[in-house]
Amino acid sequence: MIDFSASRNDFPGLSRIGANGLPLAYLDGPGGTQVPRSVIDAVSKVYETSNANTHGAFVTSIETDEVIFDARAAAADFLGAAGPETISFGQNMTTLNFALARAIGRTIAPGDEIVLTELDHEANRGPWKMLEERGAVIREIPLRHDGTLDTSPIESIIGRKTRLVAMGWASNALGTVNDLTTARTLSRDAGAWLLVDAVHYAPHFPIDVQTLDPDFLLCSAYKFYGPHVGILYSRPGLLEKIPTDRLITQESRAPERIETGTLNHAALAGVRAAIDYLASWGGTGNRRERIVASMTALREHEGSLARKYVDSLSDLPRVTLHGPPFAAERRAPTISITIDGVAAGEVTRALAGKGIAAWDGDFYARRAVEVLGLASQGGLVRCGMAMYTSESDVERLSHAIREIAGS
C-alpha cells in the first residue's frame with residue numbers, strides 16, 4: 001500500500017494557520033481540494049514563458065498548442081479514454097453540461113423523456129430540467145432514506161421514449177456510489193444516451209470509460225488537486241452528431257466542437273500537472289498504469305480514514321450518519337452527519353473555531369436534502385478525506401464533534 005503521508009509536504013496550503021493559532025485541517029475536499037506546488041508552478045510557467053494564443057507560427061503560440069494537446073492526452077489517460085480527441089474542456093462541469101443540454105435539446109421532440117435521479121447535484125439536474133420548456137418529460141429515479149437510489153422501478157422508467165439518462169456516479173452530499181451497469185444496459189437498449197456526472201467519483205476511484213462505455217462523462221480538475229477546469233469525455237464520433245453552440249469560425253469536429261471561445265491555457269497546464277502528480281505516486285509503467293495504481297491505493301487510504309471517523313461517532317446518540325455504510329467500492333470517503341438540536345451551520349462555525357474546515361448545507365444536492373427532510377435544519381455537516389488528510393486531522397475532527405454533541 002502506498003504511504004501518502006509524505007504528500008503533505010507538496011501542498012503549500014497545508015502550512016496555513018487557522019483559528020486560534022491552530023493548523024488548518026482541510027476536511028473540505030468535496031468542495032475542492034488543495035493544490036500541490038507542481039501544479040502551481042505549471043500554471044505560473046505559462047504566464048512567465050509562453051503566454052500566447054493558439055495556432056500561430058511563432059514559438060510561444062506553438063507552445064500553447066502543445067499545452068492544450070498535452071492536457072487532453074493527460075485527461076484521456078486519467079479517464080482511460082481512447083485518445084485526446086475524446087476530451088473537451090470548459091470553464092467548469094456545469095457550463096459544459098448546460099452546453100450539452102442546449103445542443104441535445106435541439107434534438108428533443110415533445111414527449112421525449114429524460115431520466116434524472118433525486119440524488120444528483122443540481123449541475124446534473126438543472127440543465128436537463130430546462131428542456132421541459134421544449135416539451136421533454138422528466139422522469140426521476142427516487143432516493144431512499146438510506147441514501148441509495150431505489151432502482152427497483154428503473155426498467156419502467158427507462159424505456160422506448162427515453163432519449164437521455166443523466167446520473168451521478170458518486171454523491172457529493174452522501175458519498176453514495178451508484179451502480180451504473182443497469183442504467184448503461186437499459187439506456188443502450190432504448191437507444192438513449194447515458195451521461196455520467198463523475199465530478200465526485202473521479203477524485204477517489206480509478207475510471208475506465210472504455211469499460212463503463214458512457215456516451216458522455218463529466219468531471220472537474222479542481223476536485224483532484226488541479227485548477228478550476230471542467231472536463232468532458234464524449235464517446236468517439238458522438239460530439240459531431242449534436243448541434244452545439246458554435247461560431248462559423250470554430251472547429252466543427254471533436255473535441256473543439258463544444259469549446260466556445262479561448263480556453264484557459266494556464267489552467268490547462270495545471271490540469272496536466274495535477275494528473276501527472278497523481279501518476280507520480282503509482283510506481284512504474286506508463287502514465288495510465290501509474291494513474292490506476294495511484295487511484296487504487298488512494299481509494300484505500302481515504303476509505304480507511306473515513307471509516308476511522310465514522311467508527312469514532314458510533315457511540316454518539318445525538319449524531320446521525322447519512323448515506324450508506326462502507327462496503328467495498330460502494331462508498332466515497334465523504335461523510336455527512338447531523339447533530340440533534342444543533343443546526344448544521346452552527347456545527348461548522350464551531351469547527352472553524354477549532355481550525356477545521358468543513359461544509360454545511362445541501363452542497364447543490366438540494367433535491368436529496370429535501371427528500372431526507374433535512375432542509376429545515378440547514379442540511380448536512382460534510383467532511384471529506386483527501387490524499388493529504390492525516391490521522392491527526394481525523395482525530396481532531398472526531399474530538400471536536402464529540403464536544404459539540406456534548407459527549
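In this chain, numbering begins with 1 at the start of the sequence shown. The model shown is predicted, which means the values in this text are computed figures rather than measured ones.
Scored by the ring-ring contact (aromatic ring centres under 6.0 Å, His included) test, W169 finds Y201 as partners (sequence neighbours excluded).
Under the 4.5 Å side-chain criterion, counting only non-hydrogen atoms from C-beta, R144 is not in contact with L149. Annotation: side chain of I154 is in contact with side chain of L186 (closest heavy-atom distance under 4.5 Å). A heavy-atom distance below 4.5 Å is not found between the side chains of S234 and T86. Side-chain contact between F4 and E302 is absent, with no heavy-atom pair separated by less than 4.5 Å. H145 is listed as a side-chain neighbour of L372, based on a closest heavy-atom distance under 4.5 Å. Taking 4.5 Å as the limit, some side-chain heavy atom of I108 sits within range of a side-chain heavy atom of R163. Counting heavy atoms from C-beta outward, I87 and P255 have side chains that stay 4.5 Å or more apart.
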**Request:** Please assess E370 against R367 for the test salt bridge (charged side-chain N to carboxylate O under 4.0 Å, His left out), listing each intermediate value before the final yes or no.
**Result:** CA-CA 5 Å; E370 289 173 349; R367 181 58 184 150; 3.3 Å; yes
**Message:** Please evaluate residues L116 and M167 with respect to the criterion side-chain contact (heavy atoms from CB on, under 4.5 Å), reporting the C-alpha separation (whole Å), side-chain torsions for both, the decisive distance (0.1 Å), and the verdict.
**Reply:** CA-CA 6 Å; L116 311 177; M167 290 185 68; over 6 Å; no
**Request:** Show your working on side-chain contact (heavy atoms from CB on, under 4.5 Å) between M385 and D393 and close with a plain yes or no.
**Result:** CA-CA 10 Å; M385 310 302 158; D393 291 336; over 6 Å; no
**Asked** Between T338 and H322, does a side chain to side chain donor-acceptor pair (under 3.5 Å) hold up when you go through it step by step?
**Response** CA-CA 8 Å; T338 52; H322 297 274; 2.8 Å; yes
**Request:** Before giving the answer on salt bridge (charged side-chain N to carboxylate O under 4.0 Å, His left out), spell out for E403 and K354 the whole-Å C-alpha distance, their side-chain angles and the decisive distance to 0.1 Å.
**Result:** CA-CA 11 Å; E403 285 189 350; K354 299 176 183 295; 2.6 Å; yes
**Item:** R366 and E122: CA distance, side-chain angles, deciding distance, salt bridge (charged side-chain N to carboxylate O under 4.0 Å, His left out) verdict
**Value:** CA-CA 7 Å; R366 180 168 298 179; E122 277 302 303; over 6 Å; no
**Trace of the side chain to side chain donor-acceptor pair (under 3.5 Å) decision for D41 with S38** = CA-CA 5 Å; D41 290 345; S38 60; over 6 Å; no
**Request:** I would like to know whether D360 and L380 meet side-chain contact (heavy atoms from CB on, under 4.5 Å); could you show each step before the answer?
**Result:** CA-CA 5 Å; D360 64 89; L380 299 155; over 6 Å; no
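Across E113 and I157, no two heavy atoms sit closer than the pair OE1-O, 4.0 Å. In plain terms, the two heavy atoms of A293 and I2 that are nearest each other are O-CD1, 4.2 Å. When every heavy atom of G379 is checked against every heavy atom of A344, the shortest pair comes out as O-CB, 3.7 Å. Residue T60 comes nearest to A52 through the heavy atom pair OG1-CB, 3.5 Å, listed as atom of the first residue, atom of the second, then distance. Here the closest non-hydrogen pair linking R188 and D213 is NH2-OD2, 2.5 Å.
For the residue pair E395 / H399, no side-chain donor-acceptor distance below 3.5 Å is found, with atom types taken as modelled. A donor and an acceptor atom, one from each side chain of S61 and H55, are nowhere located under 3.5 Å apart. Side-chain atoms of H200 and T334 form a donor-acceptor pair, as typed in the model, at a separation below 3.5 Å. Defined by atom type and a distance below 3.5 Å, a donor-acceptor pair is present between the side-chain atoms of S398 and S312. The closest side-chain donor-acceptor pair between R184 and S187 falls under 3.5 angstrom.
In E391, the CD atom is not crowded: 12 or fewer heavy atoms of neighbouring residues, nucleotides or ligands sit closer than 6.0 Å. Around the CH2 atom of W359, the shell of radius 6.0 Å holds no more than 12 heavy atoms that belong to other residues, nucleotides or ligands.
Screening residues 91-108 for side-chain hydrogen bond (donor to acceptor under 3.5 Å, both in side chains), with sequence neighbours left out, gives N92-T95, N97-N124, R102-D245, R106-D245. For residues 58-84, the set of pairs meeting the ring pair (Phe, Tyr, Trp, His ring centres under 6.0 Å) definition, not counting sequence neighbours, comprises F78-F224. Pairs passing the side-chain hydrogen bond (donor to acceptor under 3.5 Å, both in side chains) check and including a residue from residues 371-382, sequence neighbours excluded, do not occur. For residues 219-244, every residue pair satisfying the salt bridge (charged side-chain N to carboxylate O under 4.0 Å, His left out) rule, not counting sequence neighbours, is listed here: D215-R235.
Tested against R72, the residues E66, E259, E85 include a single salt bridge (Lys or Arg N to Asp or Glu O under 4.0 Å) partner, E259. Applying salt bridge (Lys or Arg N to Asp or Glu O under 4.0 Å) to D77 and the options R287, R272, R288 leaves one that passes, R287.
Looking at D112 and R134, no side-chain N of the basic residue comes within less than 4.0 Å of a carboxylate O on the acidic one, giving no salt bridge.
Atom CD1 of I337 is separated from atom CZ of R318 by 11.0 Å, given to the nearest 0.5 angstrom. The distance from atom CG of L268 to atom OG1 of T64, rounded to the nearest 0.5 Å, is 10.0 Å. L397 CG to R402 CZ: the interatomic distance, rounded to the nearest 0.5 Å, is 12.0 Å. In this structure, K308 NZ and T389 OG1 are separated by 13.0 Å, a value rounded to the nearest 0.5 Å. For the atom pair T117 OG1 and N178 CG, the distance stands at 6.5 Å (nearest 0.5 Å).
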Name every donor-acceptor pair, under 3.5 Å, that has one atom in a side chain of residues 11-35 and the other anywhere in the protein, sequence neighbours excluded.
from, atom 1, to, atom 2, distance (Å)
S15, OG, P12, O, 2.7
N20, ND2, G353, O, 2.6
Y26, OH, G13, O, 2.9
T33, OG1, Y222, O, 3.2
T33, OG1, Y225, N, 2.8

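Remark: side-chain polar atoms of R331 are paired, donor with acceptor, to backbone N or O of P324 under 3.5 angstrom. Between the R290 side chain and the W281 main chain, no donor and acceptor come within less than 3.5 Å of each other. The closest donor-acceptor contact from the side chain of E300 to the backbone of A297 lies at 3.5 Å or more, if one exists at all. A side-chain donor-acceptor contact under 3.5 Å links H301 to the backbone of M387. Within the 3.5 Å criterion, the main-chain N or O of V115 finds no donor-acceptor partner in the side chain of E140. Under the 3.5 Å distance criterion, the side-chain polar atoms of R299 are left unmatched by any main-chain donor or acceptor of H204. Checked by atom type and distance alone, the side chain of S171 pairs as donor or acceptor with a backbone atom of L174 at under 3.5 Å. Within the 3.5 Å criterion, the main-chain N or O of H121 finds no donor-acceptor partner in the side chain of N172. In this structure, R257 contributes its side chain and L239 its backbone to a donor-acceptor pair below 3.5 Å. One N or O on the side chain of S314 and one on the backbone of D311 form a donor-acceptor pair closer than 3.5 Å.
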